[in-house]
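All residue numbers in this chain count up from 1 along the given sequence. What you are looking at is a predicted structure, and each value in this text was computed from that prediction instead of being measured.
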Amino acid sequence: MTQTRTETLALTDGTELRLTVAEPDNVVRGGLVVLHEARGVTDRVRHLVSSLAEEGWLTVAPHLYHRDGTDEFGEQHTAEHVIDQVQRLSGESILADTDAAFVWLGDQGVHPEHLGVVGFDIGGTAALVVAASRRLGAAVTVGGPGILDPLSDALPALVEIAGELTCPWLGLYGAGDEVIAVEEVDKLRDAAESAEVATDVVCYDNTDHRFDDDTEVASEAWQRTRNWFDLHLR
């Protein structure tokens, strides 16, 4: 497994952004920004960063909660702690942090056409926000909530911005439960189809698919993600 490390960048707002980084052992194919789940930069996130580096991608995960001094919520933290932190996210803060991550990748020699973003859980929501606001090579959302009702007062509903996508975008959703309804995913698909870029939305009914779950759906979602970046970041 490729090792990760943490770097710190100074931002123009006076804060310091932490990045979890993993580098390929051989030729760098491009650069990917990983946007983390609701509990922050967990072992799952670090595993994903490492796995993408093993595929040849220079990979960074910005710590989106850094303004509050938080990297990760452990098991001792309640759901209320996590929800409160998520509701502090804004489009402005997400874009500031991902912009810094993209600049870091550019400084390492990655061309803008070979930059991508992938996020799961609330990171999937953030990935779509980025893909509708910045010109990149490709983007993938895995299970991002906030489709019809925004995750916070400072974030848009995803259905309202999907038509503004500026790069090829893949959405992978486990729907049909109390978190995301199938009807919501259908509306997001319809909105994304109006964008002037390639889009694809896959809905797995009643499935919470994680990259590290040992399930057939998780394996398929991981393969679809790899294929999307292989296709669009060439």
Side-chain angles (χ1 to χ4, degrees), residues 2 4-24 27-37 40-41 45-46 48-67 71 89-142 144 154-156 158 161-162 164-171 195 197-199 225-226 228-234:
T2 302
T4 63
R5 69 177 189 275
T6 301
E7 296 204 4
T8 302
L9 304 179
L11 301 185
T12 56
D13 64 4
T15 64
E16 291 186 333
L17 172 65
R18 291 179 293 282
L19 299 176
T20 291
V21 179
E23 299 185 32
V27 177
V28 174
R29 303 170 59 194
L32 295 179
V33 172
V34 173
L35 300 178
H36 59 68
E37 61 182 312
V41 182
V45 175
R46 286 184 283 271
L48 177 57
V49 170
S50 294
S51 297
L52 290 168
E54 289 180 354
E55 296 284 327
W57 306 105
L58 179 56
T59 309
V60 298
H63 297 215
L64 300 178
Y65 300 154
H66 68 94
R67 290 171 181 82
D71 285 337
L89 288 174
S90 68
E92 182 180 358
S93 67
I94 289 169
L95 290 174
D97 293 346
T98 53
D99 283 349
F102 289 132
V103 168
W104 186 91
L105 288 167
D107 288 344
Q108 313 310 308
V110 180
H111 191 275
E113 292 182 356
H114 296 151
L115 290 174
V117 61
V118 55
F120 60 106
D121 189 37
I122 63 100
T125 305
L128 200 159
V129 171
V130 173
S133 304
R134 299 291 186 264
R135 294 199 174 276
L136 308 169
V140 176
T141 286
V142 183
L155 284 171
L158 298 185
I161 61 172
E164 302 170 9
L165 286 162
T166 62
C167 68
W169 173 75
L170 170 66
V197 293
T199 65
T225 297
R226 295 164 66 189
W228 194 257
F229 288 130
D230 288 345
L231 175 63
H232 295 290
L233 297 185
R234 291 187 293 184

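Ion pairing between R67 and D97 holds under the 4.0 Å rule for side-chain N and carboxylate O.
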(message) Walk me through whether T4 and V21 qualify under side-chain contact (heavy atoms from CB on, under 4.5 Å).
(response) CA-CA 5 Å; T4 63; V21 179; over 6 Å; no
(request) May I have the step-by-step check of side-chain contact (heavy atoms from CB on, under 4.5 Å) for L89 and L155, ending in yes or no? (result) CA-CA 7 Å; L89 288 174; L155 284 171; 4.3 Å; yes
(request) Check step by step if side-chain contact (heavy atoms from CB on, under 4.5 Å) holds for E37 and I122. (result) CA-CA 5 Å; E37 61 182 312; I122 63 100; 5.6 Å; no
(message) Evaluate V41 against Y65 for side-chain contact (heavy atoms from CB on, under 4.5 Å), listing each step before the verdict.
(response) CA-CA 9 Å; V41 182; Y65 300 154; over 6 Å; no
(request) Check step by step if ring pair (Phe, Tyr, Trp, His ring centres under 6.0 Å) holds for F120 and H36. (result) CA-CA 6 Å; F120 60 106; H36 59 68; 8.9 Å; no
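Between T8 and L19, the closest side-chain pair of non-hydrogen atoms is not below 4.5 Å. Between W57 and V28, every side-chain heavy-atom pair lies at or beyond the 4.5 Å cut-off. Contact of the V197 side chain with the T166 side chain is not registered, since no non-hydrogen atoms from C-beta on lie closer than 4.5 Å. The shortest distance between side-chain heavy atoms of F102 and V130 falls below 4.5 Å. Residues L32 and V60 form no side-chain contact, since every pair of their non-hydrogen atoms from C-beta on lies 4.5 Å or further apart. Side-chain atoms of P168 and W228, non-hydrogen and from C-beta on, do get closer than 4.5 Å to each other.
Between the side chain of R135 and the backbone N or O of C167, no donor-acceptor pair lies under 3.5 Å. Remark: the backbone N or O of T15 is paired with a side-chain donor or acceptor of D13 at under 3.5 angstrom. With hydrogens and angles ignored, the 3.5 Å screen pairs no side-chain donor or acceptor of R134 with any backbone N or O of A131. Side-chain atoms of E54 come within 3.5 Å of backbone N or O of T2 as a donor-acceptor pair. Looking at T59, its side chain never comes within 3.5 Å of a backbone N or O of E23 through a donor-acceptor pair. Side chain of T141 to backbone of G171: no donor-acceptor contact under 3.5 angstrom is found. Judged by distance alone, the side chain of S93 and the main-chain N or O of S90 form a donor-acceptor pair under 3.5 Å. Using modelled atom types, one side-chain atom of H66 and one backbone atom of E16 make a donor-acceptor pair closer than 3.5 Å.
Between L158 and G144, the shortest heavy-atom distance links the atoms CD1-O, 3.9 Å. Nearest heavy atoms, V33 versus T98: CG1-CG2, 4.4 Å. Between L136 and L115, the shortest heavy-atom contact is CB-O, 3.7 Å. Scanning all heavy atoms of the two residues, the minimum distance from V140 to T225 falls at CG1-OG1, 3.8 Å. Closest approach of L233 and A138 over heavy atoms only: CD2-N, 3.7 Å. Between R18 and T6 the shortest heavy-atom distance is CB-CG2, 4.2 Å.
Rounded to the nearest 0.5 angstrom, S50 OG and E55 CD are separated by 12.0 Å. Rounded to the nearest 0.5 angstrom, T20 OG1 and D71 CG are separated by 7.5 Å.
For the side-chain hydrogen bond (donor to acceptor under 3.5 Å, both in side chains) condition, the pairs that include at least one residue of residues 100-120, sequence neighbours left out, are E7-W104.
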